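Worksheet for the structure shown next.
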Amino acid sequence: MTETSDTRSATGEAPEAPRSRLWRLMRYVPLIAPVLLWAVPCWTLLHTGQHWPSPVAPIGTALFALGLVGMPLAMAQGHGRRQRDGAAILGDTLLGGSWVLFTWSVLLGALLRPALAVAGVGDGQDRARIVTWAVLGTTAVLLAWGYAEARRVPRVRRLDVELPRLGAGLDGTRVALITDTHYGPLDRARWSARVCETVNGLEADLVCHTGDIADGTAERRRAQAAPLGTVRANRARVYVTGNHEYYSEAQGWVDLMDELGWEPLRNRHLLLERGGDTLVVAGVDDVTAESSGLAGHRAHLAGALDGADPDLPVLLLAHQPKFVDRAAEHGIDLQLSGHTHGGQIWPFHHLVGLDQPALAGLSRHGTRTLLYTSRGTGFWGPPFRIFAPSEITLLVLRSPRGPAAS
């Protein structure tokens with residue numbers, strides 16, 4: 001493994017694209033989302049003809065009102081300047097729970113109630129109560145299952161990826177990908193160690209982490225990140241920053257990963273050589289880096305490729321899938337990304353799709369460029385994964401010329 005190009009030169013890169021539709025929409029979400037998340041289930045479960053005994057409706061309404069007030073307060077205490085982990089856990093859990101309750105209140109309220117009426121089941125009160133219990137039961141089952149899914153060690157997803165320009169000597173190169181570990185308020189040091197053990201079992205030539213290591217500074221989350229130092233690779237371990245590093249002193253994470261033996265690919269590249277053939281392994285800072293105001297941090301693909309032979313195949317690490325537009329312009333062969341979590345809690349993937357060109361899996365962009373988007377190894381915020389399982393990915397790179405002659 002040889003290293004080339006300067007790590008922090010930053011000239012000539014195109015400016016960041018105009019702000020997305022999702023960003024413009026998100027400006028209004030903090031104002032209306034909490035009200036909808038709590039008011040819609042409250043109305044569906046308590047005030048649509050159920051005629052509950054007198055203590056039920058007022059007590060239930062009071063609990064929903066408490067959630068509406070308490071959730072944003074806990075989120076502010078947990079994720080604001082004070083960074084109180086207990087408050088963050090409470091706020092994140094309420095956020096995930098209210099999202100699932102809202103979703104199924106809408107779906108079952110809109111679909112089950114008319115279906116019961118068509119089937120002639122009971123009177124209005126009976127149907128209203130059936131909907132209430134169906135919503136509560138579905139929500140409870142999904143949250144229990146989603147919590148178990150979020151906390152387990154991810155399953156390994158394996159796939160072969162053919163790169164037309166890959167030399168025969170590199171056929172069979174094993175690339176392990178983890179991303180979006182999001183070490184945070186819930187202590188996951190043991191989970192982290194088990195993830196690293198799983199990665200080691202893959203016997204990868206190259207191990208990649210495409211950012212969003214944690215929520216919190218490197219100093220604060222060091223114990224959870226420390227097992228990353230035990231990861232083994234035959235050739236190299238490489239890392240790029242994600243957007244969450246830029247909320248938590250990104251340079252501290254770059255320094256810690258370097259200390260743990262990972263190569264931070266900050267707008268630079270390495271060469272992976274085997275069997276007489278060479279693969280360029282490049283990485284860029286996250287697209288939010290420049291707006292962070294942190295000196296020397298920006299997504300600079302031209303700098304990352306500076307000095308690389310343009311005839312060699314390129315594997316690029318970039319945290320967000322939407323960077324693939326720039327990758328395709330530069331003729332990148334394969335981009336590895338995370339960021340989306342596959343939506344994490346269904347049906348949030350519809351909102352993610354407004355901002356990103358791919359949600360999960362392998363996709364083609366332009367004539368040459370392939371993009372692999374991981375659903376992520378950990379979880380952000382709410383400790384639930386519903387219909388969006390986490391993953392550790394093993395990509396086996398294939399050459400159309402077949403394996404090198406033995």
Side-chain angles (χ1 to χ4, degrees), residues 1-5 156-179 198-210 231-240 261-284 301-318 321 323-324 326-338 361-374 391-406:
M1 181 74 70
T2 57
E3 178 178 328
T4 67
S5 99
V156 176
R157 184 178 186 188
R158 306 166 189 260
L159 70 158
D160 288 359
V161 180
E162 184 175 283
L163 302 180
R165 297 200 300 163
L166 191 72
L170 288 162
D171 184 81
T173 297
R174 296 165 69 85
V175 179
L177 171 62
I178 59 176
T179 184
T198 301
V199 172
N200 287 340
L202 300 178
E203 299 181 347
D205 299 296
L206 182 71
V207 180
C208 309
H209 194 307
T210 54
V231 169
R232 298 189 299 270
N234 295 330
R235 299 302 179 93
R237 299 172 293 171
V238 292
Y239 156 73
V240 294
W262 292 68
E263 292 277 353
L265 293 184
R266 295 204 48 249
N267 305 319
R268 62 187 181 96
H269 68 266
L270 306 173
L271 300 179
L272 193 156
E273 299 169 339
R274 194 179 78 177
D277 289 305
T278 303
L279 173 69
V280 177
V281 181
V284 292
L301 183 53
L305 298 176
D306 185 30
D309 185 338
D311 293 327
L312 294 177
V314 180
L315 170 67
L316 173 69
L317 276 63
F323 196 81
V324 75
R326 299 189 214 179
E329 290 174 1
H330 282 78
I332 299 300
D333 297 84
L334 174 62
Q335 175 180 315
L336 303 183
S337 298
L362 194 65
S363 55
R364 179 174 294 277
H365 302 264
T367 57
R368 176 189 295 171
T369 302
L370 294 174
L371 165 68
Y372 184 81
T373 306
S374 169
E391 66 178 80
I392 296 168
T393 317
L394 179 64
L395 301 103
V396 181
L397 305 186
R398 295 298 181 186
S399 168
R401 290 171 283 283
S406 57

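All values derive from a computational prediction rather than experimental measurement.
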Taking the side chain as every heavy atom from C-beta outward, state whether [X] and [Y] have any atom pair closer than 4.5 Å.
X	Y	result
Arg235	Leu270	no
Ile332	Val324	no
Leu370	Asp333	no
Leu202	Arg158	yes
Leu315	Leu272	no
Asp277	Leu166	no
Tyr372	Val161	no
Val280	Leu271	yes

Can you tell me how far the [atom1] atom of [X] sits from the [atom2] atom of [Y], to the nearest 0.5 Å?
X	Y	atom1	atom2	result
Leu312	Glu273	CG	CD	9.0 Å
Glu263	His209	CD	NE2	15.5 Å
Gln335	Thr369	CD	OG1	8.5 Å
Leu305	His330	CG	NE2	6.0 Å
Arg268	Asp306	CZ	CG	13.5 Å
Leu159	Thr393	CG	OG1	7.5 Å

### Message
Go through it in stages, so that I can follow the logic: the residues are Val175 and Asp205, the test is side-chain contact (heavy atoms from CB on, under 4.5 Å), and I'd like the CA-CA distance, side-chain angles, deciding distance and then a yes or no.
### Response
CA-CA 6 Å; Val175 179; Asp205 299 296; over 6 Å; no

### Message
Take a 6.0 Å sphere around CD of Glu203 and say whether it holds more than 12 heavy atoms from other residues, nucleotides or ligands.
### Response
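No, the 6.0 Å shell around CD holds no more than 12 heavy atoms from other groups.
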
### Task
Taking salt bridge (charged side-chain N to carboxylate O under 4.0 Å, His left out) as the test, write out the residues that go with Arg232, two or more places apart.
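By the salt bridge (charged side-chain N to carboxylate O under 4.0 Å, His left out) rule, Arg232 matches no residue at all.
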
### Message
Please enumerate all residues that pass salt bridge (charged side-chain N to carboxylate O under 4.0 Å, His left out) together with Arg398, with sequence neighbours excluded.
### Response
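Applying salt bridge (charged side-chain N to carboxylate O under 4.0 Å, His left out) to Arg398 gives Asp160, Asp171.
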
### Message
Testing Leu316, Leu206, Val314 one by one against Val281 for a side-chain contact (heavy atoms from CB on, under 4.5 Å), which residue passes?
### Response
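The option that passes is Leu206.
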
### Query
Could you walk me through whether Leu170 and Leu397 pass the side-chain contact (heavy atoms from CB on, under 4.5 Å) check?
CA-CA 8 Å; Leu170 288 162; Leu397 305 186; over 6 Å; no

### Task
Please identify each residue that fulfils side chain to side chain contact (heavy atoms under 4.5 Å, CB included) with Thr210, with sequence neighbours left out.
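Only Leu177, Thr179, Val240, Leu317, Leu336 meet the side chain to side chain contact (heavy atoms under 4.5 Å, CB included) criterion with Thr210.
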
